[in-house]
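Some notes on the structure that comes next.
Predicted, not measured: the structure shown is a model, and the values here were computed from it. Index from 1, following the sequence.
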Amino acid sequence: HPAHGVKYIDGQPTIIFDTVCPRDRQPWLANHEVHRLLIETWQDSTAWLVGRYMIMPNHIHLFAAASEMEIDFKDWVKYWKSQFSKKHKDKSHRWQADDWDTRMRTVRQYEEKWEYTRRNAMRHQLAEHPEDWPYQGTLHEIRWDDAS
């Protein structure tokens with residue numbers, strides 16, 4: 001199990017890179033209905049703001065920055081997963097209990113992680129070019145210089 005707990009460092013932004021998977025890594029995520037519902041859920045779960053994200057068939061990568069609310073990141077992930085599950089029609093689609101979060105430590109790491117993430121669909125032969133994959137986007141512009 002991955003270690004959890006976001007370390008806040010004065011003077012540095014707090015941007016988290018997270019990977020979330022369905023139970024048993026079942027490939028049910030990459031479709032228009034799930035994409036729409038995830039966006040709706042993240043927009044309603046504002047303790048952390050979702051920036052860039054990539055939805056693959058059996059996992060999600062997202063970047064998040066804390067809003068002004070002081071909610072633990074792990075609690076926020078549990079919350080949005082539960083809210084999604086309440087709205088989602090297929091009750092057989094369940095989440096893995098855990099997730100894998102990493103705090104970005106430098107602007108370079110942040111940009112390199114996004115570049116790796118955006119090429120995910122190409123690596124898995126789901127799209128010819130990163131921009132061809134329809135299940136990705138940016139909900140909030142999270143910039144290194146003004147993330148808190």
Side-chain angles (χ1 to χ4, degrees), residues 1-7 13-67 71-148:
H1 294 280
H4 287 286
V6 174
K7 182 177 180 181
T14 303
I15 300 173
I16 305 301
F17 175 71
D18 199 24
T19 301
V20 179
C21 300
R23 184 177 290 163
D24 301 322
R25 297 206 35 125
Q26 292 295 308
W28 55 264
L29 293 168
N31 66 68
H32 294 299
E33 177 59 21
V34 168
H35 188 191
R36 182 195 65 75
L37 195 53
L38 282 167
I39 289 171
E40 179 183 307
T41 302
W42 290 331
Q43 287 174 330
D44 291 342
S45 305
T46 58
W48 286 76
L49 303 177
V50 173
R52 298 166 174 165
Y53 66 88
M54 173 71 63
I55 303 167
M56 297 297 290
N58 67 355
H59 64 283
I60 299 169
H61 294 300
L62 63 87
F63 291 88
S67 70
I71 305 291
D72 180 73
F73 184 77
K74 186 174 179 177
D75 291 340
W76 174 75
V77 172
K78 280 184 190 177
Y79 175 77
W80 74 253
K81 288 194 300 188
S82 73
Q83 293 304 300
F84 174 92
S85 295
K86 287 176 185 175
K87 298 174 190 175
H88 187 48
K89 293 178 179 146
D90 191 335
K91 299 305 177 197
S92 70
H93 292 169
R94 311 288 289 178
W95 297 105
Q96 251 181 3
D98 218 344
D99 59 298
W100 187 269
D101 58 75
T102 304
R103 182 180 176 278
M104 298 291 95
R105 299 195 185 314
T106 65
V107 67
R108 182 176 175 194
Q109 180 191 27
Y110 178 41
E111 292 304 326
E112 286 174 353
K113 189 62 81 173
W114 172 244
E115 188 58 29
Y116 172 83
T117 299
R118 73 181 211 90
R119 295 180 176 279
N120 226 355
M122 286 176 36
R123 276 192 305 280
H124 292 276
Q125 300 178 335
L126 298 169
E128 192 170 329
H129 304 286
E131 57 276 2
D132 296 340
W133 185 243
Y135 308 114
Q136 63 176 315
T138 304
L139 293 185
H140 298 275
E141 195 66 36
I142 299 174
R143 295 180 17 189
W144 183 262
D145 58 346
D146 61 14
S148 51

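In this structure, CG in Leu62 is found 8.0 Å from CZ in Phe17, a value given to the nearest 0.5 Å. The OH atom of Tyr110 lies 16.0 Å from the CZ atom of Arg105; values are rounded to the nearest 0.5 Å. One distance of note links CD1 of Ile55 with CG of Leu29; it measures 7.0 Å at 0.5 Å rounding. Taken to the nearest 0.5 Å, the OG1 atom of Thr102 stands 6.0 Å off from the NZ atom of Lys113. In this structure, the separation between CG on Asp132 and CE on Met122 is 9.5 Å, given to the nearest 0.5 Å. Interatomic distance, CG of Asp44 versus CH2 of Trp80, reported as 13.5 Å (0.5 Å rounding).
Between Trp48 and Ala66, the closest heavy-atom pair is CE3-N, 3.1 Å. Here the closest heavy-atom approach between residue Met104 and residue Phe63 is recorded as SD-CE2, 4.1 Å. Residues Leu139 and Gln43 come closest through the heavy atom pair CD2-NE2, 4.2 Å. Taking each heavy atom of Glu33 and Asn31 in turn, the nearest pair found is N-OD1, 3.1 Å. The minimum heavy-atom distance between Ser67 and Leu49, with the atom names listed, is CB-CG, 4.2 Å. Of all non-hydrogen atoms in Gln136 and Pro130, the two that sit nearest each other are NE2-O, 2.6 Å.
Contact annotation: the side chain of Met54 never approaches that of Tyr116 to less than 4.5 Å [non-hydrogen atoms, C-beta and beyond]. Between Asp90 and Trp28, every side-chain heavy-atom pair lies at or beyond the 4.5 Å cut-off. Residues His61 and Asn120 meet the side-chain proximity criterion, which asks for heavy atoms closer than 4.5 Å.
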Check the pair Lys87 / Thr41 against side chain to side chain contact (heavy atoms under 4.5 Å, CB included), numbers first and verdict last.
-> CA-CA 9 Å; Lys87 298 174 190 175; Thr41 302; 4.0 Å; yes

CA sep, side-chain torsions, deciding dist, call: Met56, Leu126, side chain to side chain contact (heavy atoms under 4.5 Å, CB included) = CA-CA 9 Å; Met56 297 297 290; Leu126 298 169; 3.6 Å; yes

Worked check of side chain to side chain contact (heavy atoms under 4.5 Å, CB included) between Phe84 and Val34 = CA-CA 9 Å; Phe84 174 92; Val34 168; 4.0 Å; yes

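Not a single donor-acceptor pair under 3.5 Å links the side chain of Thr138 to the backbone N or O of Glu141. Distance alone, capped at 3.5 Å, places no donor-acceptor pair between the Lys74 side chain and the Asp99 backbone.
Checking each of His140, His59, His35 against Tyr53 for a ring pair (Phe, Tyr, Trp, His ring centres under 6.0 Å) leaves exactly one that passes, namely His35.
The environment of CZ in Arg108 is sparse: at most 12 heavy-atom neighbours from other residues, nucleotides or ligands sit within 6.0 Å. For Lys91, the NZ atom sits in a packed shell: over 12 heavy atoms of surrounding residues, nucleotides or ligands are nearer than 6.0 Å.
Taking the six-membered ring for Trp and the full ring otherwise, the centers of Trp95 and His88 sit at least 6.0 Å from each other. A distance of 6.0 Å or more separates the ring centres of Trp76 and Tyr79.
Taking 4.0 Å as the cut-off between side-chain N and carboxylate O, Arg118 and Glu115 count as a salt-bridged pair.
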